[in-house]
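Presented below is the structure to which this report refers.
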Amino acid sequence: MSTFSDQLAALMDGCAQVLSEKELKAKLALGRPLKVKLGVDPTSPDIHLGHTVGLTKLRQFQELGHEAILIIGDFTAMIGDPSGRSATRPHLSHEQVMEHAKTYQEQAFRILDPEKTVIRYNGEWFGKMNFQDVMRLNSRVTLQQMLQREDFRERIDKGLPVRAHEIQYPIMQGWDSVVIEADVELGGTDQLFNILVGRDLQHEEGQHQQVAMMLPILTGLDGTQKMSKSLGNAVGVSEPPGEMFGKLMSISDEQMGEYYRLLLHEGISPTAHPMEAKKGLAERLTARYHSAEEARRAREEFELRFSKKDLESADLPSYAAASDLPRDIITLGVDAFERVLGVKKSRGDLRRLVEGGSVSWRGEKITDPKALIPASESGVLKLDRKNAVRIGER
RNA sequence: GGGUAGGUACCGAAGUGGCCAAACGGGGCGGACUGUAAAUCCGCUGGCUUACGCCUUCAGUGGUUCGAAUCCACUCCUGCCCA
């Protein structure tokens, strides 16, 4: 059993900002399990590493005997959190959201202890509200307050639309806290405003105010924007090991420190070569969501394929063209991309890849778009930087 | 409801009758170099069994014209000002 001050230090670790440490300390001193809230909106079907920062903190609370409450924002997801957004989000139907919610929950349990996690859907209370209730809720905040938010301000300044329903978002998130009587709410630093609205609403309801714990936001693979599926810079926790390893290897050296700190909770060894450090990061994270064995194999594959450039012995997907398909490089490439790699490419795309010198057959670069690959031959067809297929027997 | 400025490719933004599949910048992709890092340089960035050819595209519909992203009419959408 740890003392309160040990707990406090452990919990504070890794946070970007806590409002306030004093309040947290007081809550811990109550000696009862605290209700710790983390909200996720199932706007896409997958949880990515960015989400895991908050989930891991929640897990930590869980391990210290507190009550983890994961709010699945089935209603809020239909609005979409305007945080950090420069545009209104596309509408999602409730059915879509619920589809996502299923996989979300399953994936969140890769980090949380399912036995000890309380899952609440906020549709549970928002779905029952009538218009009168909504109006009453809205009367508790002022428009000025809502418009103080940087994201809204910015859009207003730029002459971009801010739709009326978007300002409901912070109110809804805040109301979640009232309903579950949260003691602590976790969120990214961009959640500050929303979490503070929760505090205000709790205060109005005569509840104790929740402590706001803000965690740093993980930068995506592009190295600039926050990790997000819709920006295409995310690493999903359910991605296959090879994919996960490879994506992690593509982060920049500058970002590595951030990934070490936020995901592994440690610093980089100052003596390690950056590449070794990155491979270590990639392997450990891959192992976390798969297995040590799969992570090791992913690393070996990676080294074989990209470091040694030994495509011949790499474990590539095999591709067999239909016998009636023309054997030219473009046709085969498009077909292989679509059927084996699951990527839709146009003939124009393939032509550009060939002319750009990206495609090679049995280690020989092919730049003639009309080149043919005889059906009798077997070998490795490299299509672009990341994709290659094996044709015929090894 | 009135006035006014707009809606161009992934994004920003030129173009205001033919030379426009549409400048330029960003992003993205590919190549060289590498450590699938960074930096740098180069190329590509609507589709088509590959063509100095055809097709689709400049909010939508319908016109004018030999010819429209560009002109006209109506419609839809957005900002700003007024109510």
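Below, read A as the first sequence line, B as the second, and so on, with proteins coming before strands; counting in each chain starts at 1.
Side-chain polar atoms of A:Q168 and A:N138 form a donor-acceptor pair below 3.5 angstrom. A side-chain N or O of A:E185 and one of A:Q210 form a donor-acceptor pair less than 3.5 Å apart. There is no side-chain donor-acceptor pair under 3.5 Å between A:Y104 and A:D74. Using modelled atom types, one finds no donor on one side chain facing an acceptor on the other under 3.5 Å when comparing A:N233 with A:Q225. Under the 3.5 Å distance criterion, with hydrogens and angles disregarded, a donor-acceptor pair is assigned to the side chains of A:S177 and A:K37.
Residue A:P161 places its side chain closer to B:rU78 than to any other of B:rU50, B:rU78, B:rG30. The side chain of A:K278 lies closest to B:rG35 when the candidates are B:rG30, B:rA51, B:rG35. The side chain of A:R352 approaches B:rC44 more closely than any other nucleotide in the set B:rC44, B:rA51, B:rG30. In this structure, of B:rG31, B:rG35, B:rU45, it is B:rG35 that holds the atom nearest to the side chain of A:M275.
Remark: the separation of the P atoms in B:rA37 and B:rG46 is 26 Å, to the nearest Å. Taking atom C1' on both B:rA22 and B:rU45, the two are 14 Å apart, rounded to the nearest angstrom. Remark: the separation of the P atoms in B:rU75 and B:rG1 is 12 Å, to the nearest Å. To the nearest whole angstrom, the two P atoms, one in B:rC72 and one in B:rG26, are 35 Å apart. Nucleotides B:rC41 and B:rU34 have their C1' atoms positioned 14 Å apart, rounded to a whole Å. Rounded to whole Å, the C1' atom of B:rU4 lies 46 Å from the corresponding atom of B:rG53. Separating the C1' atom of B:rA9 from that of B:rU57 is a span of 8 Å, rounded to the nearest Å. Spacing between B:rC48 and B:rG3 at atom C1', rounded to whole Å, works out to 48 Å.
Each of A:S346 and A:K365 lies near RNA chain B, and the nucleotide nearest A:K365 is the one positioned closer to the 5' end. When the nearest nucleotides of RNA chain B are assigned to A:R347 and A:G246 by heavy-atom distance, the more 5′-ward of the two goes with A:G246.
Of the residues in residues 252-265 of chain A, those placing a heavy atom less than 4.0 Å from an atom of RNA chain B are A:S252, A:D253, in numerical order.
A 3.5 Å limit on both hydrogen-bonding distances identifies B:rC48 as the Watson-Crick or G-U partner of B:rG53. Shown here, B:rG79 forms a base pair with B:rU4; the pair counts as Watson-Crick or G-U wobble because both key distances fall under 3.5 Å. Nucleotide B:rA73 has B:rU61 as its partner under the Watson-Crick or G-U criteria, with both atom distances under 3.5 Å. Within the shown strands, B:rG43 is the pairing partner of B:rC29 under the Watson-Crick or G-U definition, both distances less than 3.5 Å.
Nearest heavy atom pair, residue A:K226 against residue A:L231, reads O-CD1, 3.6 Å. The two residues A:L350 and A:G333 come nearest to each other via the heavy atoms CD1-CA, 3.8 Å.
Contact of the A:Y121 side chain with the A:I71 side chain is not registered, since no non-hydrogen atoms from C-beta on lie closer than 4.5 Å.
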- prompt: Using a cut-off of 4.0 Å between protein heavy atoms and nucleotide atoms, how would you tag nucleotides 52-60 of chain B 5' to 3' with B, S and -?
  reply: ---------
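Looking at heavy-atom distances under 4.0 Å, A:I330 makes no contact with the nucleic acid at all. Heavy atoms of A:P274 sit under 4.0 angstrom from at least one base atom. If you check every strand for non-hydrogen atoms under 4.0 Å, A:K247 touches nothing. Within the 4.0 angstrom heavy-atom criterion, only backbone atoms of the sugar-phosphate kind lie near A:K382; the bases stay farther away.
When the side-chain nitrogen and oxygen atoms of A:R385 are compared with OP1 and OP2 of B:rG28, none of them lie within a distance under 4.0 Å. Taking only side-chain nitrogens and oxygens, A:R351 never comes nearer than 4.0 Å to OP1 or OP2 of B:rU45. Side-chain nitrogen and oxygen atoms of A:R155 include none within less than 4.0 Å of the OP1 or OP2 phosphate oxygen of B:rG79.
Distance NZ (A:K279) to C1' (B:rU34): 13 Å, rounded to an integer number of Å.
No option in A:N194, A:D176, A:T43, A:N122 other than A:N122 meets the side chain to side chain donor-acceptor pair (under 3.5 Å) test with A:T76.
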